[in-house]
Number of protein chains: 2
Amino acid sequence: MARPSKPKLNPEVIAEAALALVDKHGEFTLPQLATSLSVSASSLYNHVQGKDEIVELMRGRAMAVIDLPESQPESWQQTVRLIATAYWSSYSKHPRLIPLLTSHTVRDRTTLRVYDALAEAFSQAGFEATRRLQAITIIDSFVLGSALDAAAPQQVWEPDDSSSPQFTEALDAGLPSAQRAQSTFLLGLDVILEGLRSVPRA
Amino acid sequence: MARPSKPKLNPEVIAEAALALVDKHGEFTLPQLATSLSVSASSLYNHVQGKDEIVELMRGRAMAVIDLPESQPESWQQTVRLIATAYWSSYSKHPRLIPLLTSHTVRDRTTLRVYDALAEAFSQAGFEATRRLQAITIIDSFVLGSALDAAAPQQVWEPDDSSSPQFTEALDAGLPSAQRAQSTFLLGLDVILEGLRSVPRA
DNA sequence: ACCTGAACACCGTTCAAGT
DNA sequence: ACCTGAACACCGTTCAAGT
């Protein structure tokens, strides 16, 4: 039974299975992936170039669910808020994927669409090209950093005896992590949007 | 020549050599590391528990150079700005290290000191425990995200034919990357500090 | 065209053996 | 106490062989 009449694999199926492994274990290997697809590891190479391409496909799957705002709502702040939240939300559904994504150039169309939408919003708000790129980068850095925060092990920080009371008190006041990550992200996004209002745009 | 009279290794030397490898290649393996130290891979296990511990030691080395502000300058904004900038700056000296750090809980004292200092600054500014943790997390997410941006391959985004003109125009306006990353970080930090002024602190 | 199994060079880690 | 070399289970990738 070397070649089935109908192929057992395709890039989407591979990406989806890899995503399931990462969600469960935080990483994946080709042998694991092959086993979960009831196939041998070398079969994967008939559909993808290698492990790196699988990671890029996973990025695409994670981003595919993003709903970008169609018409422009009230203000550019509201538009940026919707985009950034959708973006953060997709990442946060697969928190353990994020560390795998940070070393590759973004070529995935689904992901680039998000930046297109941000660029248009800032452009409409009057941000000239250089400022526009800065604004996009600031939002992107914060979204990525916040999603990483959600990706981090339950305990992001483990204070020791010499930690300051101001820090340990703050840590103790934290909510359970999923909830906390979300509300902190939303607060930070508002903080940035508020701050961006007073930045010169040219 | 099994055991030298003076040990050839210690954790600091190991971390420093690993950091050099990561700076050069973006990753490291134990055999590579051992070779660069003129030692066999198994020797490393007399000084560290394994690869994970080496990563944590590297975090410590990268953070060791941080100079925290001793006395409190003019404003809490200025204090936070100094801490965050020093923090970002240390990370940015080893940009390719960052992706390796994002999956571990922070236990390194040198690193935790940074959060202690931030907690004290926000506390002095009147931020209550819960708000304080949120403010710290927002700053931390942005510093980490920005440093990741500096870590990314020369080309963070590779637009294709269907990218919006607003996005490609912004990309073309960008400066060479090192310079750009720094000035964008500083702008974003100011944006956040400005926005934090109007957040309720309790 | 698409799957398999064997093969390759490499990895992290363990451990008995040496001094 | 500290280094070595052999060994183990595992990894990503290639390739000839099958249909």
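Keep in mind that what you see is a predicted model, and the values were worked out from it rather than measured. Just so we're on the same page: letters track the sequence lines, and every chain starts at 1.
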Task: Under the 3.5 Å Watson-Crick or G-U criterion, the dot-bracket string of DNA chain D, with | for inter-strand pairs - done: ||.|||||...|||||.||

Open item on the list: If the cut-off is 4.0 Å, is A:Ser43 near the phosphate of C:dC3, judged by side-chain N/O to OP1 or OP2?
Closed with: no

TODO: To the nearest Å, give me how far apart CG (B:Asn46) and P (C:dA16) are.
DONE: 14 Å

TODO: Using a heavy-atom cut-off of under 4.0 Å over every strand shown, decide if B:Thr29 touches base, sugar-phosphate, or nothing.
DONE: sugar-phosphate

Open item on the list: Please tell me whether B:Ser163 and A:Arg109 have a donor and an acceptor in their side chains that are separated by less than 3.5 angstrom.
Closed with: yes

Open item on the list: Of the options D:dC11, D:dT4, C:dC3, whose atoms approach the side-chain atoms of B:Lys8 most closely?
Closed with: D:dT4

TODO: Provide, to the nearest angstrom, the distance between the CD atom belonging to A:Glu27 and the P atom belonging to C:dG12.
DONE: 13 Å

- [ ] Would you indicate which nucleotide in C:dT4, D:dT13, C:dC2 comes nearest to any side-chain atom of A:Pro7?
- [x] C:dC2

Task: Interatomic distance, B:Leu44 CG vs D:dG5 C1' [rounded to whole Å] - done: 14 Å

Task: Worked verdict on B:Ser89 versus B:Ser92 for side-chain hydrogen bond (donor to acceptor under 3.5 Å, both in side chains) - done: CA-CA 5 Å; B:Ser89 169; B:Ser92 297; over 6 Å; no

- [ ] Quick one: which residue pairs count as a ring-ring contact (aromatic ring centres under 6.0 Å, His included) with a foot in residues 76-97 of chain B, not counting sequence neighbours?
- [x] B:Trp76-B:Phe122, B:Trp76-B:Phe127, B:Tyr87-B:Tyr91, B:Tyr87-B:Tyr115, B:Trp88-B:Phe185

Task: Interatomic spacing from OG1 in A:Thr168 to CG in B:Asp116 - rounded to 0.5 Å - done: 8.0 Å

TODO: Give the rounded distance in Å between these two atoms: CG of A:Leu30 and C1' of D:dT13.
DONE: 8 Å

Task: Candidates D:dT4, C:dT4, D:dG12 - which lies nearest the side chain of A:Pro31 - done: D:dG12

Open item on the list: Under a 3.5 Å threshold, yes or no: a donor from one side chain and an acceptor from the other, between B:Arg59 and B:Thr111?
Closed with: no

Task: Which nucleotide in C:dC11, C:dT4, C:dT13 has an atom nearest any side-chain atom of B:Gln32 - done: C:dC11

TODO: Calculate the interatomic distance between B:Leu100 atom CG and C:dG12 atom C1'; express it in whole Å.
DONE: 15 Å

Task: side-chain N/O B:His47 vs D:dA1 OP1/OP2, d < 4.0 Å - done: no

Task: Basic-acidic side-chain contact under 4.0 Å: B:Glu16, B:Arg61 - done: yes

TODO: Could you check which of D:dC11, C:dC2, D:dT13 has an atom nearest any side-chain atom of A:Ala41?
DONE: D:dT13

Open item on the list: Distance check needed: D:dA16 C1' versus A:Tyr45 OH, whole Å only.
Closed with: 17 Å

Open item on the list: Whether the side chain of A:Thr184 engages the backbone of A:Ala181 through a donor-acceptor N/O pair (distance < 3.5 Å, no angle test) should be reported.
Closed with: no

- [ ] Whole angstrom is fine here: how far is it from NZ in B:Lys6 over to C1' in D:dC3?
- [x] 15 Å

Task: Residues in contact with DNA chain C, drawn from residues 49-56 of chain A - heavy-atom cutoff 4.0 Å - done: none

- [ ] Any chance you could measure B:Leu112, atom CG, to A:Asp160, atom CG, to the nearest 0.5 Å?
- [x] 6.0 Å

- [ ] To the nearest 0.5 Å, tell me how far B:Glu56 CD sits from B:Leu101 CG.
- [x] 7.0 Å

Task: Residue B:Arg197 excluded, over 12 heavy atoms near CZ under 6.0 Å - done: no

Open item on the list: In this structure, how many angstroms lie between the C1' atom of D:dC3 and the CG atom of B:Leu37, rounded?
Closed with: 13 Å

